[in-house]
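All values reported here derive from a predicted model rather than from experimental measurement.
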Amino acid sequence: MTEMTYKTILVNKENGIAWVTFNRPDKRNAISPQVAFDMVDALTKLDTDPDVRVLVLTGAGDAFSAGMDLKLFFRDLDDKPVEQAAAREAVRRYEWYKLSNFSKPTIAMVNGYCFGGAFIPLVACDFAIAAEDATFGLSEVNWGILPGGLVSKVVSMTMNYRQSLYYAMTGRPFDGKTAADIGLVTYAVPRARLRDEVVELAADLMTKSPAVLRATKETLKHVALLSPDEAYEYIQAKSEQLRFRDAENTRARGMKGFLDEKAYKPGFTPVKRA
Ligand code: ACO
C-alpha cells in the first residue's frame, strides 16, 4: 500500500484502487477550503497515475461529508473576497470538473452523513454505493440558503422532479435505501457489506479495458444534453477515437475470441485484457 500525504484527506493506493478519504471526522468531514485544495492536487496526480485503475471516494468516521464547512468555507470568508474566490474555484474544480471528468471509473462509498454540498462529489462519481443506514439531506433550507454550487443541478440530474422539490423544500433527511429508490445512488447495501461490495465492483471494472471504460463514461456523460443528430455524430467520433486510443485493441481481440476461437461469451464476461 502506498500513501500520499495531505492535511485534510487520506490517499492510499492498494491493488489498483485509490482510496481517497475526507479526513476531518471531528467536523463530520465538512468541506473546508483546504479540503478543496488537497482534492484538486490529489485528483490531478491520481488521474495520470498508472497504478490507479479505480478511484473510491469516502469519509473517515461516521460521515461521508456533512457538506460545505459553514464556518471555514462561508462565514470566515464572507469579508475576504480573494480567499473566497480561491476557495470557490478550488471546490468547483475538484467537485465537478476533476471528479466528473476523471479518466478512470469512480465510486462514491457513502458510509454515513451526506448533506448539502456533499451531493456534488457524490453525483460526480460514476457510481455511488451507500450503506443502507447512511443519512442524506438537502438541509440548505434549514439554515436559509438554496441548494447552491451545483447541488440544484446534480439533484435535478439524478432525482425526479417531485422527489427533488420534496427533499429540497422540506430538508427532510432520508436513508441509503431511499437514496437508491429515488436514483440518487446506484444501490444501497448493509453497512457490514459496504467495503466488500465496493471492492467487488472495482474488481469487476478492472477486468474491462480502461480505454473502453473511459470512452463509455465520457460518451454517456456528454450525450445527455445533445440532440439526437448531434449525439449520433458525437458517438461516432468517440467510437473512432476509441479505436485509436485503445492500445490493447480490445474490439478486434473480442471479436476474434468470440467468433473464431469460441473462447468466451461477451454477453456475460469481458474479453481477457491484453
Ligand atoms: N460545517 C461546519 N462544521 C460542521 C458541519 C458543517 N457542515 N457539520 C458538522 N460540523 C461540526 C460541528 O459544528 C461540530 O463541531 P464542534 O465539535 O467544534 O462543535 C462537529 O462538526 C460535530 O458536529 P455535531 O453536530 O456535534 O455532530 P452530530 O454527529 O451530532 O451531527 C450532523 C452530525 C447531523 C451532520 C450535524 O453536525 C449537522 O447537522 N451538520 C450540518 C449539516 C448540514 O446542514 N450540511 C449542509 C451545509 S450547507 C452546504 O453544504 C451548501
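The residues D181 and K177 are annotated as not salt-bridged, no charged nitrogen and carboxylate oxygen being separated by less than 4.0 angstrom. At a threshold of 4.0 Å, the pair R193-E200 counts as salt-bridged, since one of the basic side-chain nitrogens sits closer than that to a carboxylate oxygen. K13 has a carboxylate O that lies under 4.0 Å from a charged side-chain N of D49, or vice versa, which qualifies the two as a salt bridge.
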Intermediate values then yes/no, side-chain contact (heavy atoms from CB on, under 4.5 Å), M39 and F22: CA-CA 9 Å; M39 285 295 290; F22 294 126; 4.2 Å; yes
Chi angles and distances behind the side-chain contact (heavy atoms from CB on, under 4.5 Å) call for F102, K217: CA-CA 10 Å; F102 201 75; K217 71 183 259 185; 4.2 Å; yes
E89/R93 under side-chain contact (heavy atoms from CB on, under 4.5 Å): CA gap, chis, key distance, verdict: CA-CA 6 Å; E89 200 250 336; R93 272 177 72 199; 3.0 Å; yes
Residue pair D175, D133: steps toward the side-chain contact (heavy atoms from CB on, under 4.5 Å) verdict: CA-CA 5 Å; D175 65 13; D133 61 355; 5.9 Å; no
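When side chains are defined from C-beta on, E197 counts as touching Y187, because their heavy atoms get closer than 4.5 Å. In this structure the side chain of L72 reaches within 4.5 angstrom of the side chain of R24, judged on heavy atoms. Side-chain atoms of K104 and V52, non-hydrogen and from C-beta on, do get closer than 4.5 Å to each other. Side-chain contact between P33 and E83: absent, with no pair of heavy atoms (C-beta onward) separated by less than 4.5 Å. Considering only heavy atoms from C-beta on, W19 comes within 4.5 Å of V198 through its side chain. Considering only heavy atoms from C-beta on, D78 comes within 4.5 Å of Q84 through its side chain. At least one side-chain heavy atom of M206 sits under 4.5 Å from a side-chain heavy atom of V54. Between P210 and E248 the shortest side-chain heavy-atom distance falls below 4.5 Å.
What you find for F127 and P105 is that their closest heavy atoms are CE1-CB, 4.5 Å. Nearest heavy atoms, G112 versus A134: O-CB, 3.6 Å. Scanning all heavy atoms of the two residues, the minimum distance from Y94 to P121 falls at OH-CG, 3.9 Å. The nearest pair of heavy atoms linking V35 to A30 is CG2-O, 4.0 Å. Summarising the geometry of A188 relative to G176, their closest heavy-atom pair is CB-O, 3.5 Å, with the distance given to 0.1 Å. Contact detail for F119 and C114: the closest heavy-atom pair is CE1-O, 3.4 Å.
The backbone N or O of E230 lies less than 3.5 Å from a partner atom in the side chain of S227, making a donor-acceptor pair. In this structure, N29 contributes its side chain and A63 its backbone to a donor-acceptor pair below 3.5 Å. Looking at S164, its side chain does come within 3.5 Å of a backbone N or O of N160 through a donor-acceptor pair. Between the T106 side chain and the L55 main chain, no donor and acceptor come within less than 3.5 Å of each other.
In terms of hydrophobic clustering, with Ile, Leu, Val, Met, Phe, Trp and Tyr side chains grouped at heavy-atom distances under 4.5 Å, M255 and V271 are assigned to a common cluster. The hydrophobic cluster containing L205 also contains M109, counting ILVMFWY residues as joined when their side-chain heavy atoms lie under 4.5 angstrom apart, directly or transitively. Linking ILVMFWY residues whenever their side-chain heavy atoms come closer than 4.5 Å, directly or via other members, places I182 and V154 in the same cluster. Tracing side-chain contacts under 4.5 Å through hydrophobic residues (I, L, V, M, F, W, Y), one reaches I31 starting from V155; they form part of the same cluster. At a threshold of 4.5 Å between side-chain heavy atoms, the hydrophobic network of Ile, Leu, Val, Met, Phe, Trp and Tyr places Y113 and L57 in two separate groups.
For OH of Y232, the number of neighbouring non-hydrogen atoms (other residues, nucleotides, ligands) closer than 6.0 Å is 12 at most. Annotation for R191: atom CZ counts as buried by contact number, over 12 foreign heavy atoms lying within 6.0 Å. Within a 6.0 Å sphere centred on CG of D260, other residues, nucleotides and ligands contribute more than 12 heavy atoms. K153 NZ: 12 or fewer foreign heavy atoms inside a 6.0 Å radius. Atom OH of Y97 has 12 or fewer neighbouring heavy atoms from other residues, nucleotides or ligands inside a 6.0 Å radius. Heavy atoms of other residues, nucleotides or ligands lying less than 6.0 angstrom from CZ of R172 number 12 at most. Other residues, nucleotides and ligands contribute over 12 non-hydrogen atoms within 6.0 Å of the CE atom of M157.
Going from atom NZ of K71 over to atom CG of L77 covers 10.0 Å, rounded to the nearest 0.5 Å. Here OG1 of T135 is found 10.0 Å from CZ of F174. Values are rounded to the nearest 0.5 Å. Interatomic distance, L43 CG to I9 CD1, rounded to the nearest 0.5 Å: 7.0 Å. Rounding to the nearest 0.5 Å places CZ of R253 at 10.0 Å from CD of E261. The distance from atom CG of L70 to atom CZ of R75, rounded to the nearest 0.5 Å, is 9.0 Å. Residue L146 holds its CG atom at 11.5 Å from CG of L138, rounded to the nearest 0.5 Å.
Residue N111 is tested with T58, D62, T21 for a side-chain hydrogen bond (donor to acceptor under 3.5 Å, both in side chains); the sole match is T58.
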